[in-house]
Chemist: 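Have a look at the structure that comes next, please.
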Amino acid sequence: MNDIKGKGSVGIAISYYALKGMVSIPLEPCDYNLIFDDGELLYRVKVISCSYKTKYGVFSASVKTSGGNQPNSSIKKFDDKSCDFVFIVTSELGMYQIPSEEIKSKHQISLNCYSQYKVY
């Protein structure tokens, strides 16, 4: 199932968070994809889809941002201050809600290192 990408992952994240509180989507481009309101606090959530597996069968997710439609766009390293959570959806529909301050890499993370944040 390699068709869970981009907006599909955002839709899954919206559904997940809507069961726990209110969800808002930013109107302007920013480093996060949605805002979650648990009734007490607001959280910025960056949503990432992940379909790449290493040769060992472990999902590896890119946390950097690259591309865009501007000629001067470049790779933007992950900044743990840019969001509160990173919500990752794998092509096998595995979901991870990782506090951004737990992510030390600026480019790529191996999801087996974040198994404690897997959503069941």
Chemist: If Ile, Leu, Val, Met, Phe, Trp and Tyr residues are connected whenever their side-chain heavy atoms lie under 4.5 Å apart, and connections chain through other members, are I48 and I12 in the same group?
Modeler: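 No, separate clusters.
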Chemist: A side-chain contact here means heavy atoms from C-beta on lying under 4.5 Å apart; do Y117 and P99 qualify?
Modeler: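 Touching, per the 4.5 Å side-chain cut-off.
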Chemist: Just do the side-chain contact (heavy atoms from CB on, under 4.5 Å) check on T90 and Y96 with the steps written out, would you?
Modeler: CA-CA 9 Å; T90 72; Y96 296 78; 4.1 Å; yes
Chemist: May I ask you to decide whether K76 forms a salt bridge with D31, counting only side-chain N to carboxylate O separations under 4.0 Å?
Modeler: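 Looking at D31 together with K76, the answer is yes, because their closest N to O distance falls below 4.0 Å.
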Chemist: Test your reading of the model: is there a side-chain donor-acceptor pair from N33 to the backbone of V47, 3.5 Å cut-off?
Modeler: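 Between the backbone of V47 and the side chain of N33 there is a qualifying donor-acceptor contact (under 3.5 Å).
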Chemist: Answer with yes or no whether the hydrophobic clustering places I88 together with L19; edges join I, L, V, M, F, W, Y residues whose side-chain heavy atoms lie under 4.5 Å apart.
Modeler: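 No; L19 is not reachable from I88 via cluster members.
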Chemist: Describe, in one word, how the ring planes of F36 and Y17 are oriented to each other, choosing from parallel (under 30°), tilted (30 to 60°) and perpendicular (over 60°).
Modeler: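 Tilted: the ring planes of F36 and Y17 meet at 30° to 60°.
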Chemist: Are side-chain heavy atoms of H107 and K64 found at a separation under 4.5 Å?
Modeler: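 H107 vs K64: side chains touch.
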Chemist: Quick one: list whatever passes side chain to side chain donor-acceptor pair (under 3.5 Å) with Y16, sequence neighbours left out.
Modeler: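 Side chain to side chain donor-acceptor pair (under 3.5 Å) list for Y16, sorted by chain: K20.
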Chemist: Please name the pair of heavy atoms, one in S60 and one in C50, separated by the smallest distance, quoted to 0.1 Å.
Modeler: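 Scanning both residues completely, I find the closest heavy atoms to be O-SG, 3.4 Å.
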Chemist: Using a 3.5 Å distance criterion without hydrogens, assess whether the side chain of S105 forms a donor-acceptor pair with backbone atoms of Q108.
Modeler: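 Such a contact is found between S105 side chain and Q108 backbone.
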Chemist: Closest heavy-atom contact between I14 and V23?
Modeler: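 Distance-wise, the nearest heavy atoms are O-CG2, 3.9 Å.
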Chemist: When rounded to the nearest 0.5 angstrom, what distance separates NZ in K118 from CD in Q97?
Modeler: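 It is 14.5 Å, given to the nearest 0.5 Å.
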Chemist: Flag the pair F59 / S91 as yes when at least one side-chain heavy-atom distance between them is below 4.5 Å, and no otherwise.
Modeler: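 Sidechains of S91 and F59: in contact.
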Chemist: Which pair of non-hydrogen atoms, one from C83 and one from S100, has the smallest distance, and what is that distance?
Modeler: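 So the minimum-distance heavy-atom pair works out to O-OG, 2.6 Å.
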Chemist: For the hydrophobic clusters of this structure (ILVMFWY residues joined by side-chain heavy atoms under 4.5 Å, transitively), does one cluster hold both F87 and V63?
Modeler: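 Looking at the clustering, V63 is in a separate group from F87.
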Chemist: Ring centroid separation for Y43 and F85, is it under 6.0 angstrom?
Modeler: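 Under 6.0 Å, so yes.
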Chemist: Does one hydrophobic cluster hold both L93 and V10, with members joined at side-chain heavy-atom distances below 4.5 Å?
Modeler: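 Same hydrophobic cluster.
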Chemist: So do the side chains of I35 and V45 get within less than 4.5 Å of each other, counting heavy atoms only?
Modeler: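 No; the side chains remain at least 4.5 Å from each other.
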Chemist: Do K46 and Y32 meet the cation-pi criteria used here (NZ or CZ under 6.0 Å from the six-membered ring centre, within 45° of the axis)?
Modeler: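 No cation-pi geometry.
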Chemist: Could you tell me which non-hydrogen atom of D37 sits nearest to which non-hydrogen atom of G39, and how far apart they are?
Modeler: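 So the two residues come closest at OD1-N, 2.7 Å.
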Chemist: Would you call I109 and I98 a side-chain contact if the rule is heavy atoms closer than 4.5 Å?
Modeler: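 Contact flag for I109/I98 side chains = yes.
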Chemist: Are V89 and V119 co-members of a hydrophobic cluster defined by side-chain heavy atoms under 4.5 Å apart?
Modeler: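 Yes.
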Chemist: Going by heavy atoms in the side chains, are Y52 and S62 under 4.5 Å from each other?
Modeler: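 Contact flag for Y52/S62 side chains = no.
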Chemist: State, yes or no, whether a side-chain contact exists between D84 and L41 at a heavy-atom distance under 4.5 Å.
Modeler: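 No, side chains not in contact.
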Chemist: For K104, does the NZ atom have more than 12 heavy-atom neighbours from other residues, nucleotides or ligands under 6.0 Å away?
Modeler: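 For K104, atom NZ is crowded (more than 12 foreign heavy atoms under 6.0 Å).
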Chemist: Run I103 and V86 through side-chain contact (heavy atoms from CB on, under 4.5 Å) and show every step you take.
Modeler: CA-CA 9 Å; I103 298 175; V86 174; 3.6 Å; yes
